[in-house]
Amino acid sequence: MPKLSAGLLLYRVRDDVVEVLIGHPGGPFWARKDDGAWSIPKGEYTDGEDPWVVAQREFVEELGLPVPAGPRIDFEPLKQPSGKVITAFAVRGDLDITDARSNTFELEWPRGSGKFKEFPEIDRVGWFPVAQARLKLLKGQRPFLDRLMAQQTLAHLREGA
């Protein structure tokens with residue numbers, strides 16, 4: 001059975017531009033990577049857990065901030081190149097990320113040294129317009145941006161009707 005992960009894609013609209021909140025993974029492997037390295041806040045779960053509950057929990061753990069209340073969009077699960085399946089939800093809301101602080105993990109570093117260091121799961125977060133986020137996000141997560149924009153187009157059409 002594939003690994004399961006659940007995440008939350010927070011978005012807002014500023015001056016008719018959709019922006020999303022994404023995070024850059026911490027630790028030495030990702031330190032020098034930028035484009036194609038960012039991710040939606042997410043985490044693994046076991047079959048039987050509620051993906052929405054997991055997505056909210058992981059958001060709080062990785063940002064140290066509460067999930068804003070707002071309308072939710074449920075996306076169909078998306079299989080990643082690794083085989084992992086991500087269930088994601090988009091929530092419209094705004095969030096001041098000034099005080100964002102991630103939980104941490106321990107890793108032997110340098111590898112083989114016997115010394116363990118602590119790193120943040122997410123070392124920085126940012127709001128990005130969807131076009132820029134498309135460059136920043138891991139390739140396997142980019143379809144979530146397409147799904148979000150398709151929903152935004154439908155919502156905009158409904159408003160104009």
Side-chain angles (χ1 to χ4, degrees), residues 1-12 17-68 70-93 95 97 100-109 111 117-155:
M1 180 159 174
K3 288 186 178 183
L4 303 173
S5 188
L8 197 151
L9 181 62
L10 189 65
Y11 72 99
R12 66 186 182 189
V17 174
V18 178
E19 297 178 334
V20 294
L21 183 64
I22 56 176
H24 184 272
F29 178 77
W30 299 102
R32 292 191 173 98
K33 295 174 173 53
D34 189 49
D35 286 352
W38 293 62
S39 175
I40 65 173
K42 63 172 182 41
E44 291 184 4
Y45 68 99
T46 57
D47 197 21
E49 284 186 273
D50 180 343
W52 172 237
V53 171
V54 172
Q56 293 174 89
R57 176 187 74 217
E58 293 296 326
F59 185 94
V60 172
E61 285 180 5
E62 293 189 355
L63 277 75
L65 300 168
V67 176
R72 180 179 106 193
I73 301 169
D74 298 11
F75 294 132
E76 287 295 316
L78 184 62
K79 188 173 185 177
Q80 299 299 286
S82 67
K84 181 186 286 188
V85 176
I86 300 177
T87 299
F89 305 88
V91 172
R92 184 172 179 168
L95 187 63
I97 57 173
R101 297 287 178 268
S102 179
N103 55 343
T104 60
F105 66 96
E106 259 192 8
L107 177 71
E108 182 182 19
W109 194 256
R111 186 175 296 156
K117 292 188 178 180
E118 201 168 273
F119 298 96
E121 270 195 58
I122 299 290
D123 61 16
R124 61 190 184 272
V125 295
W127 285 103
F128 295 95
V130 168
Q132 187 177 6
R134 191 174 307 285
L135 300 172
K136 298 280 183 200
L137 267 179
L138 291 162
K139 184 178 178 181
Q141 294 180 25
R142 292 175 188 162
F144 288 128
L145 298 175
D146 299 331
R147 293 173 182 182
L148 174 64
M149 295 310 292
Q151 289 291 325
Q152 290 304 293
T153 300
L154 285 173

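- For the side chain to side chain donor-acceptor pair (under 3.5 Å) condition, the pairs that include at least one residue of residues 76-87, sequence neighbours left out, are Glu44-Lys84.
- The CG atom of Leu95 lies 6.5 Å from the CH2 atom of Trp127; values are rounded to the nearest 0.5 Å.
- Smallest separation of non-hydrogen atoms from Ile97 and Leu65: CA-CD1, 4.0 Å.
- Scanning for salt bridge (charged side-chain N to carboxylate O under 4.0 Å, His left out) contacts around Glu19 gives Arg12, with sequence neighbours left out.
- Within the 3.5 Å criterion, the main-chain N or O of Leu63 finds no donor-acceptor partner in the side chain of Ser102.
- Heavy-atom minimum distance, Gly23 versus Val125: CA-CG1, 4.0 Å.
- Residue Phe128 holds its CZ atom at 5.0 Å from CD1 of Ile22, rounded to the nearest 0.5 Å.
- With sequence neighbours excluded, no residue forms a ring-ring contact (aromatic ring centres under 6.0 Å, His included) with Tyr45.
- Looking only at side-chain heavy atoms (C-beta outward), Trp38 and Arg124 come within less than 4.5 Å of each other.
- Put simply, the side chain of Asp123 does not reach to within 4.5 Å of the side chain of Trp30, judged on heavy atoms.
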Would you tabulate the side-chain donor-acceptor contacts of residues 135-142 under 3.5 Å, counting partners in other chains and residues two or more places apart, or write 'none'?
residue	atom	partner	partner atom	Å
Lys136	NZ	Asp34	OD2	2.3
Lys136	NZ	Asp35	OD1	3.4
Gln141	OE1	Ser39	OG	3.3
Gln141	OE1	Ile40	N	2.9
Gln141	NE2	Ser39	OG	3.0
Arg142	NE	Arg134	O	2.7
Arg142	NE	Leu137	O	3.1
Arg142	NH2	Leu137	O	3.1

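- Heavy-atom minimum distance, Ile73 versus Tyr11: CD1-OH, 3.8 Å.
- Between Val91 and Pro68 the shortest heavy-atom distance is CG1-O, 3.6 Å.
- Evaluation of the side chain to side chain contact (heavy atoms under 4.5 Å, CB included) rule for Phe29 yields Lys33 as partners, not counting sequence neighbours.
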Donor-acceptor contacts, no H, no angles, side chain residues 52-62, under 3.5 Å, sequence neighbours left out:
residue	atom	partner	partner atom	Å
Gln56	NE2	Trp52	O	3.3
Arg57	NH1	Glu49	OE2	3.4
Glu62	OE1	Lys42	N	3.3

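- Between Pro41 and Ile122, every side-chain heavy-atom pair lies at or beyond the 4.5 Å cut-off.
- With contacts defined as side-chain heavy-atom distances shorter than 4.5 Å, the pair Phe89/Pro51 qualifies.
- The two residues Ala90 and Leu148 make their nearest non-hydrogen contact at CB-CD1, 4.0 Å.
- Here the shortest heavy-atom pairing between Ala37 and Pro25 reads O-CD, 3.2 Å.
- Contact of the Leu145 side chain with the Leu9 side chain is registered, since non-hydrogen atoms from C-beta on lie closer than 4.5 Å.
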